[in-house]
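First comes the structure, then the notes that go with it.
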Amino acid sequence: MKKDRIDELLPEYLDNTISEKDRKELEAYLAQSEDARKELEEMKALFDAFEQEEVSVPSNSLRMHFEEALQAEKSKHHKVIALDTKHKKSSWASNVLKIAASVALLVTSFQIGSVFQQNKVDNSIASLEDERLQMKQTVMLSLMENQSASKRIQGVNYIEEIPNPDDAVVDALAKRMLNDENDNVRLTAFEALSRFSSSEKVKEVFIEALGKEKNPSIQIVIIQVLVQMQEKKAIGPMQRLLEQEDTQPFIKEQIKTGLPKII
């Protein structure tokens, strides 16, 4: 079974919306693949606790150890100097050099260790964050194809967890807004896409939706956003709505008020 197919079926399996044929095929594969079973467990945990995830940050233990070692080294050499005050000048100078070398070694070791540790921690955190976002995106895309309207809305709302969605996510949201049979799903998809209204692709989706949307409540919010963006490509679709007899009077009033702001 291909990896893409597994990624597609696992969320449906956990959500209990998978077909009987796909269930049998997936369970047979899970019985043979330890990696697939592990991925299923991780996805189940993600489903159960999206909001409970925390990223650990490194402690200050390394700095504390360094401070302790530095103080101990300084204290030790301070005693040495006190005992050797009667020695000749060259011995005193030698001790000072030894102290300086020890402190320099400690400082250098601490700095190098800190850099290596921080780089390792940063890379690990970045890797975990990438995996977490990829998993959420997979779940999001799967839920948006669910038969249940409430699940599709849930999937759309996961956009809040993805700060920089890729084209696949934007296309999936556009599909929901343009073609979903449920008014609430279309409205939720519109609200999600509104976060990226500066995108040319999103603007084109709004203009296309304005030409085919029949729900007056959704028409109104689309018109308001396009007017706010002063999107000149929306002038034609708005004028056609004005000419259509079945356009609600309050929609026409909204267009008449908004058009001068664009033109």
Side-chain angles (χ1 to χ4, degrees), residues 1-57 122-197 199 201-202 205-206 209 218:
M1 184 178 290
K2 292 184 178 180
K3 182 69 167 58
D4 292 345
R5 182 60 174 161
I6 297 171
D7 291 341
E8 179 183 345
L9 292 179
L10 285 180
E12 295 180 9
Y13 182 76
L14 289 172
D15 198 37
N16 202 29
T17 59
I18 191 171
S19 68
E20 190 61 28
K21 177 184 176 182
D22 288 339
R23 179 190 297 277
K24 291 180 179 179
E25 183 180 356
L26 181 60
E27 288 179 345
Y29 184 80
L30 288 170
Q32 301 175 1
S33 174
E34 182 179 352
D35 289 341
R37 292 195 299 273
K38 182 178 179 182
E39 185 173 352
L40 177 64
E41 292 174 0
E42 292 174 349
M43 187 173 291
K44 185 177 185 302
L46 188 68
F47 264 66
D48 293 340
F50 261 120
E51 300 303 324
Q52 298 178 12
E53 293 178 322
E54 295 182 359
V55 178
S56 300
V57 295
D122 289 345
N123 290 337
S124 297
I125 291 175
S127 178
L128 288 173
E129 183 66 13
D130 287 344
E131 291 179 8
R132 187 174 68 94
L133 290 177
Q134 284 296 324
M135 185 71 75
K136 286 186 176 182
Q137 181 168 310
T138 299
V139 174
M140 177 185 182
L141 293 174
S142 178
L143 285 173
M144 280 197 283
E145 296 294 334
N146 196 283
Q147 294 180 354
S148 166
S150 63
K151 290 294 185 182
R152 296 200 298 277
I153 291 174
Q154 182 183 359
V156 170
N157 283 331
Y158 274 151
I159 190 65
E160 297 178 3
E161 304 285 339
I162 306 176
N164 298 302
D166 59 20
D167 289 342
V169 171
V170 175
D171 289 343
L173 290 171
K175 180 180 177 181
R176 290 301 109 207
M177 181 179 175
L178 293 171
N179 303 316
D180 201 282
E181 61 186 19
N182 185 279
D183 291 348
N184 291 327
V185 176
R186 296 200 305 279
L187 181 58
T188 306
F190 163 78
E191 292 172 350
L193 286 170
S194 296
R195 298 176 54 191
F196 314 103
S197 57
S199 165
K201 177 181 287 189
V202 172
V205 172
F206 287 171
I218 302 177

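All values below were derived from every heavy atom in this structure, side-chain atoms included, with hydrogens, water molecules and symmetry-related copies excluded.
Contact between Ala149 and Val185 at its shortest, heavy atoms only, is O-CG2, 3.7 Å. The minimum heavy-atom distance linking Arg176 with Ala189 is given by the pair CB-CB, 3.8 Å. Across Arg37 and Ala31, no two heavy atoms sit closer than the pair NH1-O, 3.3 Å. Pairing each heavy atom of Val156 with each of Ala192, the nearest pair is CG1-CB, 3.8 Å. Contact between Met140 and Val169 at its shortest, heavy atoms only, is CE-CG1, 3.7 Å.
Among residues two or more places apart in sequence or in another chain, the side-chain hydrogen bond (donor to acceptor under 3.5 Å, both in side chains) test is passed with Glu145 by Lys175.
Here the straight-line distance linking atom OG of Ser194 with atom CD1 of Ile159 works out to 11.5 Å at 0.5 Å rounding. Summarising the geometry, atom NZ belonging to Lys21 is positioned 13.5 Å from atom CG belonging to Leu26; distances are rounded to the nearest 0.5 Å. Put simply, CZ on Arg195 and CG on Leu173 are 10.0 Å apart, with the number rounded to the nearest 0.5 Å. Separating the CG atom in Leu178 from the CZ atom in Phe206 is a distance of 10.0 Å, to the nearest 0.5 Å.
A side chain to side chain donor-acceptor pair (under 3.5 Å) with Arg152 holds for exactly one of Thr188, Asn182, Asp180; it is Asp180.
Looking at Lys38 and Asp35, no side-chain N of the basic residue comes within less than 4.0 Å of a carboxylate O on the acidic one, giving no salt bridge.
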Mind running side-chain contact (heavy atoms from CB on, under 4.5 Å) on Phe196 and Val205 for me, showing each step along the way? CA-CA 11 Å; Phe196 314 103; Val205 172; over 6 Å; no
Under the side-chain contact (heavy atoms from CB on, under 4.5 Å) criterion, do Tyr13 and Glu27 qualify, and how do the steps go? CA-CA 9 Å; Tyr13 182 76; Glu27 288 179 345; 3.0 Å; yes
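Looking only at side-chain heavy atoms (C-beta outward), Asp166 and Gln137 come within less than 4.5 Å of each other. Within the 4.5 Å cutoff, the side chain of Lys201 has heavy atoms near those of the Asp167 side chain.
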